[in-house]
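Numbered from 1 within each chain, the chains take letters A, B, ... in sequence-line order.
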Number of protein chains: 2
Amino acid sequence: MEVTVIQNPLERLLGYQLRRASAAMLADLAEALADIGLSVTEMSVLMQIEANSDITQSEIGRILAIKRANMAPMTASLLERGLVAREAADGRSQALRLTDEGRTACAEAGRRIAAHEAKFLSDLVGAERDALIALLSRVWSGEQAKR
Amino acid sequence: MEVTVIQNPLERLLGYQLRRASAAMLADLAEALADIGLSVTEMSVLMQIEANSDITQSEIGRILAIKRANMAPMTASLLERGLVAREAADGRSQALRLTDEGRTACAEAGRRIAAHEAKFLSDLVGAERDALIALLSRVWSGEQAKR
DNA sequence: TATTGTTATACTCTATAACTATA
DNA sequence: TATAGTTATAGAGTATAACAATA
């Protein structure tokens, strides 16, 4: 009897493993945030504002690698939904802050993120987890150096 | 003097590190393959055919998590460009094989991938590299179990 | 002049739905 | 009926270019 075993030549590549692992976590997180009406990117933006009050949308874009042009409609949507407020700062800059509603959404998102992360890290001990994250950080250290 | 240190609260999350590391490698690989006219996805498909002659496009889609509907135009393009040939197999299935030109492109892509991977893995010793890839594989083991 | 924010637009990926052909 | 392949299409996400407002 003849058996053809299908093998995937990409499996030993770091880039491939990163892509698949990243996509799997992204899909799970998107699902976890869906019913509070936040996309993963929107949640990321809210968390930047929470941690850095009065940050500008351009700065958030630089941190998260989102182009200025793409930050505009996202910021507009968060303002319109009452999650974020802004006021004039320097030049054309607008300082962003969370509203009470934004803080509430952020807190709920934080709990869901913690559960989501725990699900994927459950069989790693703390040291392995830290080592993995440190290794990943080195993978894109070139990007980080640009800032 | 007042200094505001901007900090990124996402930095300690596995999901975030995966996304950034994956995006960095993907962009680098896309650039490395650009002048041989292959996208990263096209290269991935060619390598599946090289490693598994007479595979069908549906099977490739299952391995790489590409929907059948999205495999169709990609296969058509690879056929049209003379990189892949096909012949009727079972039912509506079409067995795919690399042409000589496809094999040549695949070999060149393989060399570029090796250089690209080495660039990102250069400061990891072999054991670290293997451990990292094994850890990543566990991150999306849920997806793999579905196959 | 350099930076911020905005608009328009295009391209790639990805997703669903509907259809045909074959076992 | 289940599977393979195709087509059309819609939605993200991301890219560039051009413009106005401000230091």
Hey, what are the protein-to-nucleotides 8-15 of chain D N/O distances that come in under 3.5 Å?
unit_1  : atom_1 : unit_2   : atom_2 : d
dA15(D) : N7     : Asn70(A) : ND2    : 3.1
dA15(D) : N6     : Asn70(A) : OD1    : 2.7

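- Between the side chains of Asn52(A) and Gln7(B), no donor N or O sits under 3.5 Å from an acceptor N or O.
- Among residues at least two apart or in separate chains, salt bridge (charged side-chain N to carboxylate O under 4.0 Å, His left out) pairs with a member in residues 16-38 of chain A are Asp28(A)-Lys119(A), Asp35(A)-Arg112(A).
- Between the side chains of Arg81(B) and Ser77(B), at least one donor N or O sits under 3.5 Å from an acceptor N or O.
- In terms of the side-chain hydrogen bond (donor to acceptor under 3.5 Å, both in side chains) criterion, residue partners of Asp54(A) (sequence neighbours excluded) are, by chain and number, Arg97(A).
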Contacts under 3.5 Å, N or O only, protein and nucleotides 19-23 of chain D:
unit_1  : atom_1 : unit_2   : atom_2 : d
dA20(D) : N3     : Arg92(A) : NH1    : 2.9

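- Nearest-nucleotide positions on DNA chain C place Ser93(A) closer to the 5' end than the other of Ser93(A) and Pro73(A).
- Rounded to whole Å, atom P of dT6(C) lies 13 Å from atom CD of Glu80(A).
- In the set dG5(C), dT6(D), dA4(D), dA4(D) carries the atom at the smallest distance from any side-chain atom of Arg62(B).
- Within the 4.0 angstrom heavy-atom criterion, no nucleotide atom of any strand lies near Thr75(A).
- Here the closest heavy-atom approach between residue Val84(A) and residue Leu46(A) is recorded as CG2-CD2, 3.6 Å.
- We find that CE of Met74(B) is positioned 9 Å from C1' of dC13(C), with the value rounded to whole Å.
- By the salt bridge (Lys or Arg N to Asp or Glu O under 4.0 Å) test, Arg12(A) pairs with no residue at all, sequence neighbours left out.
- Between Gln57(B) atom CD and dT7(D) atom C1' the separation is 13 Å, expressed in whole Å.
- Annotation: side chain of Leu78(A) is not in contact with side chain of Leu96(A) (no heavy-atom distance under 4.5 Å).
- Among residues at least two apart or in separate chains, ring-ring contact (aromatic ring centres under 6.0 Å, His included) pairs with a member in residues 99-131 of chain B are His116(B)-Phe120(B).
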